[in-house]
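Naming: A, B, ... by sequence-line order, numbering from 1 per chain.
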There are 4 protein chains.
Amino acid sequence: MPPRPDLSEARRQQILDAAMQVFARLGFDKARMEDIARRAGLAKGTLYLYFKSKEEIILGVLDQFMGMELRDFRPLVDLQQTPARERLLQMMERSLADLQRFEWLLPVLYEFYALATRNRLVRKGIQRFYRGYLEVLAPIIEQGVARGEFRQLDARQAALAISAIFEGTLVLWAFAPEEVDLVPQIRAGLQMLLESMEPPRSRRPDA
Amino acid sequence: MPPRPDLSEARRQQILDAAMQVFARLGFDKARMEDIARRAGLAKGTLYLYFKSKEEIILGVLDQFMGMELRDFRPLVDLQQTPARERLLQMMERSLADLQRFEWLLPVLYEFYALATRNRLVRKGIQRFYRGYLEVLAPIIEQGVARGEFRQLDARQAALAISAIFEGTLVLWAFAPEEVDLVPQIRAGLQMLLESMEPPRSRRPDA
Amino acid sequence: MPPRPDLSEARRQQILDAAMQVFARLGFDKARMEDIARRAGLAKGTLYLYFKSKEEIILGVLDQFMGMELRDFRPLVDLQQTPARERLLQMMERSLADLQRFEWLLPVLYEFYALATRNRLVRKGIQRFYRGYLEVLAPIIEQGVARGEFRQLDARQAALAISAIFEGTLVLWAFAPEEVDLVPQIRAGLQMLLESMEPPRSRRPDA
Amino acid sequence: MPPRPDLSEARRQQILDAAMQVFARLGFDKARMEDIARRAGLAKGTLYLYFKSKEEIILGVLDQFMGMELRDFRPLVDLQQTPARERLLQMMERSLADLQRFEWLLPVLYEFYALATRNRLVRKGIQRFYRGYLEVLAPIIEQGVARGEFRQLDARQAALAISAIFEGTLVLWAFAPEEVDLVPQIRAGLQMLLESMEPPRSRRPDA
DNA sequence: CATGAATGAGCTTTCATTCAT
DNA sequence: TATGAATGAAAGCTCATTCAT
């Protein structure tokens, strides 16, 4: 029967939510603490009860961000009875779904890219994110190779190529949405990669 | 009979060069007009004789930036005697060479990405850049298809996939350079796409 | 039969004690209510149940401060059987003893000096403090004069000189402790003053 | 024919003058950069062209302050043909004259006292100030002793006593001006000390 | 053309004070 | 009584921009 339940985690989240929205609209630099506070329905000073500085809020958003998408991909690695190809497609479809939910956050992603070039912590965050992806993709591909689903190939390189297609298409779409139809384009790109990974048409054994 | 040759274009360029260096190191927002001026060997006030504002310098850099790489890819379209595949590879190799010369500018590219989400002009600039690429890639691919070098495919989609591989690998490498070996990885990615574009192993027609 | 004895005076004291320590370390301005509260083992808000504002705490400390040293000097005035000179020396020794106990509070004294120039209430408090001293010193000196222990002199002026020596030496020592040996120096200064107060060497009545 | 003479030293001085006035009125903490700027007839930002921070202005004022009074006392040490007693009186009279010119700065002195307890640099500044005094007083007294003008005594102790009388009287007057008549009181105090320093009435040697 | 001193709006951050619990 | 989360005024400092020289 706690008289006041600990709201502090909720408050932190409330601030981060507001910050993400403001950052998405204005970018890190143009966003003022005041804006974030107002959006969170709090006073400016209150932010400082939960975050030491603006930079800490940015890093808080980074964490939030990075923990967001790769949530449940890891289990795919263990679904060894499912064909690798199918698992890769599943992963991509789920990512696309996530993506569409968080489309509005894309500008923040690019803020982080810009920041990352100057800030080790941010760079590490982004790395962790990609590594998370690769650590799912590469084993699945390896399994596919081992099982003869794919031809002999460098699993890590293929995993990076898949990530690159995803990431690169996203960028192209982000800046020229009228020229790129995101989902079909990503599907097409992945399709191309998967085709190139197919085992060589087995000469008909016999004849 | 110009007694004084027009220095003003040279000055503009001098300022833009300085600005690019400063922006690469500090980002648009943290870069001060003072920094740019000092780097250009000029006084702060002088910048305003050539650019109305900081934003104009940024846009100036954008122009600079965008006109930089697609210099002479267009002629490739007309080299119809050269196999499409070879031309694509050439284009990629040249882009990689450019890239390595301008590696230090990558942070500025990501600044533009961040800015583009909020600034139409910047977004248009980036679009123009990509479109330039696509307008070379797509026709070459089409020619390849027409000529039977490639299987039937959507040339634009394939061109986008190639751009995406390039762009995406760049991003992965930028933020995790220790995990990605840029040039081999781009080559590998492109190779995969090209393979998927090969025509089906033609059953030897008759005989 | 008060079930709860009046804790409020104790609480006030507890707060003032904490405040003195914090003020001594940080000065009035840099000291935060939070610091005082923590030092007192109370919550920030609680301070406001006992003091209307930070300023009130400062004034509370001033009172505390001023009532501190002149505790029991007044009785000396009435010890007329004791030589004035001896009483002055006693008073000084006791003051020195007090001083050593409260050395850590010296910074607060100088805070008050600084504040006094802008705050009538504080100025009045300091005045009261000095006046208390003078009101003991002057009568004792007067008695000494009357009794022939001292030569004819302006008792008030002499009293002020004694106070000044005390106060001045304290300042010198406070800011250059390695150059001033406080207690011997005060003793020496007082000694000089007392010597100058001696009655003229009675010419030896001839012979 | 310098087109723009270097005003920067003048500006610095202008700012320090303004700062001293504002500090005298409001104290270091209550004084806002804005106040100083306005008083100096400058904009807030301009202060930062000449001083890195508020603290630097305070330290600038300290320097100003410390170099102020002991200007030309040192030569007194070499005026060996003048009686020591007379030189001491001269020094005091000059100090009193200075004091009256700079009376309005007294509050700033007490600000420094308060600050000194927490700031080494300020403490060092004050020490230098006192040391300057003592380094004039002590040699003169020594000369007086050597010449038989004064009795055998510890010159340094006597010098400190004189300083203490000066300093202490100043404090008493500062906080209770209606009770202390500054100049006569300082004169009286010094007189007392000088009397105590007189050589013992020499028994007529021999006879 | 070029300069750089000057400006002041605008920002982050702090902290005395309030008040619902 | 006691708490401490919340507030928002206020302050120090920065920097794009202007303009007299």
Could you check whether any side-chain heavy atom of [X] comes within less than 4.5 Å of a side-chain heavy atom of [Y], counting everything from C-beta outward?
X       : Y       : answer
K54(D)  : L59(D)  : no
T117(B) : L106(A) : no
Q14(A)  : L42(A)  : yes
R118(A) : L115(A) : yes
F112(C) : Y110(D) : no

Does [X] have any side chain to side chain donor-acceptor pair (under 3.5 Å) partners at least two apart in sequence or in another chain, and if so, which?
X       : answer
R38(D)  : none
R12(D)  : none
Y113(B) : Y130(B), E167(B)

Practice prompt. Just jot down the salt bridge (Lys or Arg N to Asp or Glu O under 4.0 Å) partners of K44(D), sequence neighbours excluded, or say none.
Written response: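 If we apply the salt bridge (Lys or Arg N to Asp or Glu O under 4.0 Å) test to K44(D), skipping adjacent residues, there are no hits.
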
Fill in: salt bridge (Lys or Arg N to Asp or Glu O under 4.0 Å) partners of D17(B), counting only residues at least two apart
none

Fill in: Spacing between K44(A) atom NZ and dT14(E) atom P, to the nearest angstrom
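Those two atoms, NZ and P, are 12 Å apart.
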
Item to complete: Give the rounded distance in Å between these two atoms: CZ of R11(C) and C1' of dA2(F).
Response: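 In whole Å, dA2(F) C1' and R11(C) CZ are 9 Å from each other.
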
Worksheet item: Applying ring-ring contact (aromatic ring centres under 6.0 Å, His included), which residue pairs with at least one partner in residues 36-59 of chain D are found, sequence neighbours left out?
Response: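 Listed by first then second residue: nothing to list.
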
DNA chain E-proximal residues of [range], any heavy atom under 4.0 Å:
range                       : result
residues 46-59 of chain A   : Y48(A), S53(A), K54(A)
residues 107-115 of chain C : none
residues 29-41 of chain C   : A31(C), R32(C), M33(C)

Fill in: Position toward the 5' end of DNA chain E (nearest nucleotide), G45(B) or F28(C)
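Result of the comparison: G45(B).
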
Return a table of donor-acceptor pairs under 3.5 angstrom between the side chains of residues 119-126 of chain C and protein atoms on other chains or two or more places apart.
unit_1  : atom_1 : unit_2  : atom_2 : d
N119(C) : OD1    : L121(C) : N      : 2.8
N119(C) : OD1    : V122(C) : N      : 3.1
N119(C) : ND2    : E55(C)  : OE2    : 3.4
R123(C) : NH1    : A116(C) : O      : 2.8
K124(C) : NZ     : Q127(C) : OE1    : 3.4

Worksheet, complete the sentence: Output field dot_bracket for DNA chain F (Watson-Crick or G-U, both distances under 3.5 Å, | for other-strand pairs) contains .||||||||||||||||||||

Under 3.5 Å donor-acceptor pairs involving side-chain atoms of residues 19-29 of chain B, not counting sequence neighbours:
unit_1 : atom_1 : unit_2 : atom_2 : d
Q21(B) : OE1    : R39(B) : NE     : 2.8
Q21(B) : OE1    : R39(B) : NH2    : 2.5
D29(B) : OD1    : K30(A) : NZ     : 3.1

